[in-house]
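All heavy atoms count here, side chains included; hydrogens, waters and symmetry mates do not. Letters A, B, ... mirror the listed sequences (proteins, then strands); counts begin at 1. Bear in mind the structure is a predicted one, so any value in this text is a computation, not a measurement.
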Protein chains: 2
Amino acid sequence: MIDVDSDELLSIRAAELYYEENKTQDEIGLILSLTRWKVGRLIAQAKASGFIRIEIVHPRARRPALERRLREKIGLHDAIVVSTAGIDAFDNAAAAAVELQSRTAHAAAEYLTALRPAPRTLGVSWGHTLHAVAHHLGQGWAHGVAVVQINGSVSLTRSAGVAAQAAVAIAQKGAGTATLLPSPAILERRETRLAIESDRTVAAVLAEAAGASAYLFSAGQADENSVHVASGYLSVDEMAALVAHGAVGDVVGRYINARGDIVDAELDDRTLGIRLQQLRAAAVTIAVISGAAKHEIARAVVVSGLCTVLVTDEDTALALLDPASAAAPASAVEANPNFS
Amino acid sequence: MIDVDSDELLSIRAAELYYEENKTQDEIGLILSLTRWKVGRLIAQAKASGFIRIEIVHPRARRPALERRLREKIGLHDAIVVSTAGIDAFDNAAAAAVELQSRTAHAAAEYLTALRPAPRTLGVSWGHTLHAVAHHLGQGWAHGVAVVQINGSVSLTRSAGVAAQAAVAIAQKGAGTATLLPSPAILERRETRLAIESDRTVAAVLAEAAGASAYLFSAGQADENSVHVASGYLSVDEMAALVAHGAVGDVVGRYINARGDIVDAELDDRTLGIRLQQLRAAAVTIAVISGAAKHEIARAVVVSGLCTVLVTDEDTALALLDPASAAAPASAVEANPNFS
DNA sequence: GGGAATCTTGCTCAAATGAGCACGATTGAT
DNA sequence: ATCAATCGTGCTCATTTGAGCAAGATTCCC
């Protein structure tokens with residue numbers, strides 16, 4: 001009972017009375033036999049020592065402190081970080097991921113709506129995330145916007161299907177037009193890609209995409225759950241090979257390693273759509289990435305300058321800012337530009 | 001994007017700027033284009049809606065709000081509730097329980113030290129918890145106190161052992177004397193209990209115990225980990241039988257059900273020490289109970305008026321205040337006063 | 001559509017709080 | 001032991017914040 005840290009304990013007592021009992025510092029002074037200034041200093045000390053944790057628990061809460069750190073430390077033009085509060089209450093990991101994606105997409109939709117100058121032409125990728133963003137966009141989010149797909153859809157035969165929905169919905173809600181890219185994402189041969197690319201309609205779409213005033217895209221993680229595996233573009237073995245060569249995920253269909261480099265030049269050469277260099281050169285590139293599975297690809301995206309604006313979740317933001325997790329993770333393999 | 005709950009969202013944004021960015025309400029008003037009064041109201045609204053969670057994370061933090069609710073709703077004279085912050089960080093459940101007990105015991109020691117009028121005679125039980133309380137008491141916590149054991153020790157032959165340590169340490173640190181109760185906790189036959197009880201020295205101790213100005217005790221849960229099973233007073237089967245008849249735990253060696261009634265009159269008749277009626281009649285009875293395993297016995301203790309002061313942990317306090325968990329738990333059996 | 005009831009808003013004023021300062025106590029070096 | 005430096009303390013003053021109020025806006029009921 002020797003009061004070595006009596007001041008610390010006292011500051012805790014003061015903080016309890018202040019924050020939990022809503023007493024005034026003067027009253028606390030009376031209770032603890034201290035001057036009100038001492039009480040104020042004790043509470044400030046408790047705050048400074050990190051004993052006071054103030055959290056805003058709301059599905060649509062953001063984390064401005066993390067956003068600022070992302071801007072400053074990572075050098076992003078802007079960052080939107082949504083709260084993960086309550087996510088751990090989900091018993092089902094998949095349901096949690098869906099909720100997190102929904103929150104992130106909501107925030108992205110809001111950001112897009114408030115973006116000034118409003119993009120005249122918006123280049124978009126496709127996928128679950130883009131779909132969710134489209135869902136959360138409000139009718140009339142823009143007043144006339146040209147939405148252009150920037151990478152190939154799942155399949156030519158289903159080109160009016162899922163992949164197109166996001167672009168169409170974004171355009172419709174923004175009182176604008178959607179231009180779809182009528183091509184598969186990955187071709188079987190380089191020559192086929194070149195042939196399709198030189199087709200007049202496709203070339204026109206790609207040209208419009210190249211001139212977009214802003215880009216909105218997500219990223220996929222490199223594992224057997226990838227949309228490319230699910231849609232048959234890549235086999236499980238091919239994916240495993242990509243991972244073995246350092247792939248952490250894809251952006252607009254192009255697989256990159258932790259440094260943001262193309263993992264497999266040959267595969268990339270068969271991939272149709274905007275080039276990563278074009279994204280890196282663009283003024284406004286908004287990446288929407290959430291979920292624990294995408295921490296690595298998120299890092300690759302930001303460190304290699306693929307986006308100027310990142311919309312993500314708290315956990316991903318923390319992972320990005322954590323120097324420890326910047327170290328090469330599990331399978332850090334020197335990338336080979338063309339291993340296949 | 002139709003702003004149904006735009007006010008709620010706005011209040012979240014305001015709260016973020018206020019609590020996370022440390023901006024003044026005036027500045028926030030400037031940013032969000034609101035008057036500073038509106039900002040103040042939004043923040044108040046966010047607080048009232050429970051979106052702002054302020055938590056004091058410190059091993060020795062208390063929960064005054066819970067303490068007040070325990071006093072008011074349960075009718076305790078006083079309540080001390082220690083924080084469980086950081087407990088879930090323990091990977092080992094046993095280690096977590098130990099830490100929790102340590103915190104609770106620390107708070108109990110503090111309470112005892114500050115108790116006024118200081119008890120002239122203090123009746124104490126024994127066990128891990130009491131041992132921990134003794135450990136946390138500071139040298140000179142009292143200036144002369146008569147400490148009396150109020151229930152039998154583990155065994156006659158080891159009477160100077162573990163059980164005695166707590167009482168002796170409490171007395172020593174309080175510059176006082178310890179009076180031990182030289183008897184087993186539970187005898188094999190009623191007659192033996194009567195014989196020991198009528199022994200002059202034992203009778204004197206019991207008389208002193210009966211006249212104590214304050215009592216300090218813990219409670220044990222009714223399961224195979226009970227100290228009575230460990231020390232051989234009860235077999236695993238006997239314990240199972242007690243549980244089957246509604247026993248939730250013991251206080252000073254006497255097993256009670258959820259209502260606080262003696263579960264087995266015959267067993268109780270063989271148990272030596274202070275009667276529960278004496279505890280219920282006493283002016284100052286301090287129960288120190290912590291840990292998830294003791295939620296039921298804690299409830300039994302408070303609802304049956306066995307203590308006037310409860311020292312416990314946050315989770316136990318919440319369980320006590322939760323009307324849902326007040327409902328008969330798992331094995332709610334109508335107690336039979338004498339089933340054996 | 002009129003009118004009462006309620007809610008919201010922007011204010012005044014008082015309470016509460018934080019910044020900065022001067023003074024006394026404590027510490028540490030010589 | 002002495003002096004300087006540092007620290008903690010209690011203050012003044014300015015800023016920030018919350019309570020209460022009256023006017024305007026909105027809703028709701030008929």
Side-chain angles (χ1 to χ4, degrees), chain A residues 1-58 60-65 67-68 110 114 138-140, chain B residues 1-58 60-65 67-68 110 114 138:
Chain A
M1 199 61 42
I2 308 103
D3 37 20
V4 178
D5 50 0
S6 74
D7 240 34
E8 181 173 306
L9 191 54
L10 207 54
S11 78
I12 294 300
R13 295 282 162 265
E16 280 164 3
L17 293 166
Y18 190 67
Y19 289 109
E20 302 201 15
E21 297 287 82
N22 295 317
K23 297 209 180 296
T24 165
Q25 298 188 358
D26 224 350
E27 292 176 294
I28 297 169
L30 218 60
I31 294 169
L32 301 178
S33 315
L34 301 164
T35 62
R36 69 182 189 78
W37 297 283
K38 177 77 179 168
V39 173
R41 284 181 181 120
L42 284 171
I43 293 170
Q45 182 192 321
K47 244 191 279 187
S49 310
F51 296 140
I52 314 296
R53 173 173 297 164
I54 300 183
E55 205 187 354
I56 298 169
V57 285
H58 191 284
R60 301 208 28 208
R62 302 227 313 253
R63 293 286 174 259
E67 295 177 355
R68 185 155 29 79
E110 227 164 41
Q139 203 71 42
Chain B
M1 200 59 44
I2 307 104
D3 37 21
V4 179
D5 48 1
S6 73
D7 241 33
E8 181 172 306
L9 192 55
L10 207 54
S11 77
I12 295 299
R13 295 282 162 266
E16 280 164 3
L17 293 166
Y18 190 68
Y19 288 109
E20 302 201 15
E21 297 287 82
N22 295 318
K23 297 210 180 295
T24 166
Q25 298 188 357
D26 223 351
E27 291 176 295
I28 297 168
L30 217 62
I31 294 169
L32 301 177
S33 313
L34 301 164
T35 62
R36 69 183 189 79
W37 296 282
K38 178 79 180 168
V39 173
R41 285 181 181 119
L42 285 172
I43 294 170
Q45 182 191 321
K47 244 191 276 186
S49 310
F51 297 139
I52 315 296
R53 173 172 298 164
I54 301 182
E55 207 187 351
I56 298 169
V57 286
H58 192 284
R60 300 210 27 209
R62 302 230 311 254
R63 292 288 174 255
E67 295 176 354
R68 185 155 29 77
E110 229 164 40

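Judged by closest nucleotide on DNA chain C, Gln25(A) is the one of Gln25(A) and Arg41(A) placed further toward the 5' end.
Nearest heavy atoms, Ala65(B) versus Glu20(A): N-OE1, 4.3 Å. Residue Gln25(A) comes nearest to Gly40(A) through the heavy atom pair OE1-CA, 3.4 Å, listed as atom of the first residue, atom of the second, then distance. Of all the heavy atoms in Ala15(B) and Ile52(B), the pair that sits closest is CB-CD1, 3.5 Å.
Remark: P of dC7(D) and NZ of Lys38(A) are 14 Å apart, rounded to the nearest angstrom. The nearest whole Å value for the distance from the CD atom in Gln45(B) to the P atom in dC7(C) is 14 Å. Rounded to whole Å, the distance from CG on Leu30(B) to C1' on dT16(D) is 15 Å. Between the CG atom of Leu42(A) and the P atom of dG10(D) there is a distance of 11 Å, given to the nearest Å. Rounded to a whole Å, the CG atom of Leu10(A) is 10 Å from the P atom of dT9(D). Residue Asp26(A) contributes atom CG, which lies 14 Å from atom C1' of dG18(C) at whole-angstrom precision. Residue Arg36(A) contributes atom CZ, which lies 13 Å from atom P of dC13(D) at whole-angstrom precision. Atom CD1 of Ile28(B) is separated from atom P of dT16(D) by 12 Å (rounded to the nearest Å).
Scanning atom types as modelled, one donor and one acceptor separated by under 3.5 angstrom connect the side chain of Trp37(A) and the base of dT12(D).
A salt bridge is defined here as a Lys NZ or Arg NE, NH1 or NH2 lying under 4.0 Å from an Asp or Glu carboxylate O, and Glu21(B) with Arg68(A) meets this definition. Ionic pairing of Arg60(B) and Glu110(B) is present here: one or more N-O contacts between side-chain nitrogen and carboxylate oxygen are shorter than 4.0 angstrom.
Counting only heavy atoms from C-beta on, Thr35(B) has its side chain closest to dG10(C) among dG10(C), dG18(C), dG10(D).
Scanning residues 14-22 of chain A for heavy-atom distances under 4.0 Å to DNA chain C yields Tyr18(A).
Side-chain contact between Ser49(A) and Gln45(A) is present, with at least one heavy-atom pair separated by less than 4.5 Å.
Between Tyr18(B) and the options Ile28(B), Thr24(B), Leu42(B), a side chain to side chain contact (heavy atoms under 4.5 Å, CB included) holds for only Ile28(B).
OP1 or OP2 of dT17(D) has at least one side-chain nitrogen or oxygen of Thr24(B) nearer than 4.0 Å.
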